> 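Dropping a structure here in structure tokens format, bear with me for questions.
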Amino acid sequence: MRLSRYFLPVLKETPAEAQIVSHRLMLRAGMIRQQAAGIYSWLPLGWRALRRIEQIVHEEQQRAGHIPMLMPTLQPADLWRESGRYDDYGQEMLRIRDRHQRDLLYGPTNEEMITDIFRAHVESYRQLPLTLYHIQWKFRDEVRPRFGVMRGREFLMKDGYTFDVDRAAALHAYNRHMVSYLRTYERMGLTAIPMRAASGPIGGDDTHEFLVLAQTGESEVFYDDRVTALKLGARQIDYDDRAGVAAVCAEFTALYARTDETHDPAVFEAQVPEAHRKVGRGIEVGQIFYFGTKYSEPMGAVVVNDRGERVPVHMGSHGIGVSRLVGAIIEASHDDRGIVWPEGVAPFPVGIVNLRQGDGATDAACAELYAALTERGLEPLYDDRDERAGAKFATMDLIGLPWRITVGPRGLAAGKVELTSRRTGESEEMGPAAAVDRLADLFCAAGQAQGRDG
RNA sequence: CGGGGCGUGGCGCAGCCUGGUAGCGCGGCAGUUUUGGGUACUGCAGGCCGGAGGUUCGAAUCCUCUCGCCCCGACCA
């Protein structure tokens with residue numbers, strides 16, 4: 001993409017309403033625009049980042065055998081009257097009435113609807129296990145939206161629903177989600193720690209939240225700092241292997257890690273050596289629940305088991321805050337000049353800075369680089385504006401693309417361009433072709449290490 | 001929902017107390033200049049001061065109502 005033809009309304013000054021760094025940077029980098037309290041437009045750059053995240057979520061869910069679909073944002077109230085939540089949910093639910101005076105609501109979550117779909121089409125345990133998920137906009141009429149997309153009223157969430165014949169199978173589905181989530185967050189460059197959580201209004205017996213450590217997190221967290229060293233890395237996971245998946249979960253949940261909701265100081269002190277005890281703050285970026293027959297019983301979602309008995313199906317629901325992740329990643333990865341995108345989620349993998357726009361040789365070198373990178377599947381953002389070098393560098397730093405290729409007459413005279421890492425700030429001079437090769441290797445290697453293959 | 005604050009060109013703000021028909025910086029446009037980290041200068045365009053009502057000869061400034069937004073707290077992906 002040529003920047004001169006793109007829509008990237010960057011701001012030099014920080015809008016007054018933005019209090020936390022991710023919100024400020026998203027506004028300054030022209031990623032979002034607020035339309036009402038907790039409601040945002042996603043401008044082109046923000047939309048690209050959001051889509052990168054969404055794509056990783058899709059890939060990892062499908063790798064785990066979960067099936068994508070799409071349910072509507074608007075739901076009939078009657079479904080929620082069946083489960084009893086139409087009254088329980090309270091003011092957070094946005095209620096709407098259509099022209100025929102029918103009660104609708106903008107879905108805050110989809111347990112009722114997915115249960116309705118399930119009961120209409122599934123009769124036998126032989127059709128299980130089943131995990132359906134979608135990535136859809138939700139609306140929760142928060143009393144006090146804040147922190148930009150981290151705590152919006154309208155937000156994009158991946159929510160998945162598991163259906164199993166019994167508790168043991170359902171717990172495997174739960175574990176499978178935990179592992180797939182760990183992979184998902186790792187690919188985004190995040191360290192998200194699963195923490196045992198309190199169940200809240202969705203209700204459930206087993207539940208973990210995934211917390212990204214950040215100063216600005218809304219939850220206070222207590223943990224053994226050795227959990228942050230745990231990585232899935234490139235290891236292969238067989239999602240059908242119950243014992244294997246359970247072992248991974250055990251590994252990642254063995255060390256003490258809890259939010260203030262479930263924190264027990266006595267256990268904390270007994271289990272964690274003092275040198276490893278950490279208290280910090282975290283951003284919740286996902287949650288998994290096993291809730292048994294809470295919805296299947298009142299809504300009549302039953303299957304016939306292998307003994308011919310009609311039994312309510314065991315369910316779980318599992319969410320990832322997709323739009324929130326954009327903010328969480330920025331909270332976890334930025335510096336005083338701007339965003340520092342991890343390779344996996346960068347809206348563009350690399351930026352090209354032309355230091356002498358209008359200079360024939362420099363323009364030509366940039367055009368060649370652009371074509372070569374595009375050829376390798378690495379779409380660059382080419383800053384071809386008629387701006388000074390300083391302005392171009394400042395823009396690149398602000399929007400945080402992980403790599404920058406700087407092209408100017410001085411280097412070109414020696415046949416060199418400059419490849420710079422946004423994260424480390426280190427630059428290396430090399431020929432244009434070598435720079436393209438280097439980037440292709442970097443992104444290929446990153447993809448493999450994070451399990452992007454397959 | 002309780003407490004606090006703010007709405008003035010695209011953004012950040014001043015003016016309001018002590019009413020007299022709007023100002024600064026950034027940004028935008030045109031040009032000159034500059035050219036490896038937000039260059040300097042000149043000129044131009046752009047707001048009727050969130051909205052409604054009231055007081056007054058006169059309201060961005062005072063009063064009333066209303067809408068919106070932000071912050072702290074209690075609650076949530």
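Note on naming: letters A, B, ... go to the chains in the order of the sequence lines (proteins, then strands), and numbering restarts at 1 for each one. Please read all numbers here as calculations on a predicted model, not as lab measurements. Side chains are part of it too, since the values below use all heavy atoms of this structure and drop only hydrogens, waters and symmetry mates.
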> Can you list everything that forms a side-chain hydrogen bond (donor to acceptor under 3.5 Å, both in side chains) with A/E418? Sequence neighbours excluded, please.
none

> Rounded to the nearest Å, what distance is computed from the CD atom of residue A/E220 to the P atom of nucleotide B/C76?
17 Å

> Counting the atoms with a prime plus P, OP1 and OP2 as sugar-phosphate, which does A/R28 contact under 4.0 Å by heavy atoms, base, sugar-phosphate, or nothing?
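Base contact - A/R28 has a heavy atom under 4.0 Å of at least one base atom.
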
> Contact class for A/A37 (heavy atom, under 4.0 Å): base, sugar-phosphate, or nothing?
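Result for A/A37 = sugar-phosphate.
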
> Write down the partner of B/G73 under the Watson-Crick or G-U wobble criteria, each distance required to be under 3.5 Å.
B/C1

> Quick one: label A/G152 by what it contacts on the DNA or RNA (base, sugar-phosphate, nothing), any heavy atom closer than 4.0 Å.
base

> Could you check whether A/R258 makes a cation-pi contact with A/F222, meaning its NZ or CZ is under 6.0 Å from the centre of the six-membered ring and within 45° of the ring axis?
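Checked: cation-pi criterion not met.
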
> How does protein reach along nucleotides 26-36 of chain B, written 5' to 3' as B (base within reach of a heavy atom under 4.0 Å), S (only sugar-phosphate), or - (no contact)?
BS------BSB

> Which one, B/C69, B/G37, B/C71, comes nearest to the side chain of A/A36?
B/C69

> Looking only at side-chain atoms of A/T395, point me to the closest of B/C76, B/G38, B/A74.
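Looking only at side-chain atoms, A/T395 lies closest to B/G38.
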
> What orientation do A/F291 and A/F289 show, parallel under 30°, tilted 30 to 60°, or perpendicular over 60°?
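Aromatic pair A/F291/A/F289 classed tilted.
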
> Measure the distance from CZ on A/R146 to P on B/C69 and round it to the nearest whole Å.
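The distance from CZ of A/R146 to P of B/C69 comes to 15 Å, rounded to the nearest Å.
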
> Using distance alone, with no hydrogens and no angle criterion, decide if A/Y174 and A/H208 have a side-chain donor and acceptor under 3.5 Å apart.
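Distance-only check passes for A/Y174 and A/H208.
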
> Under 4.0 angstrom, heavy atoms only, what part of the nucleic acid is A/R33 near: base, sugar-phosphate, or nothing?
nothing

> Are A/R95 and A/Y86 in a cation-pi contact, defined as NZ or CZ under 6.0 Å from the six-membered ring centre and within 45° of the axis?
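Cation-pi check for A/R95 and A/Y86: passes.
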
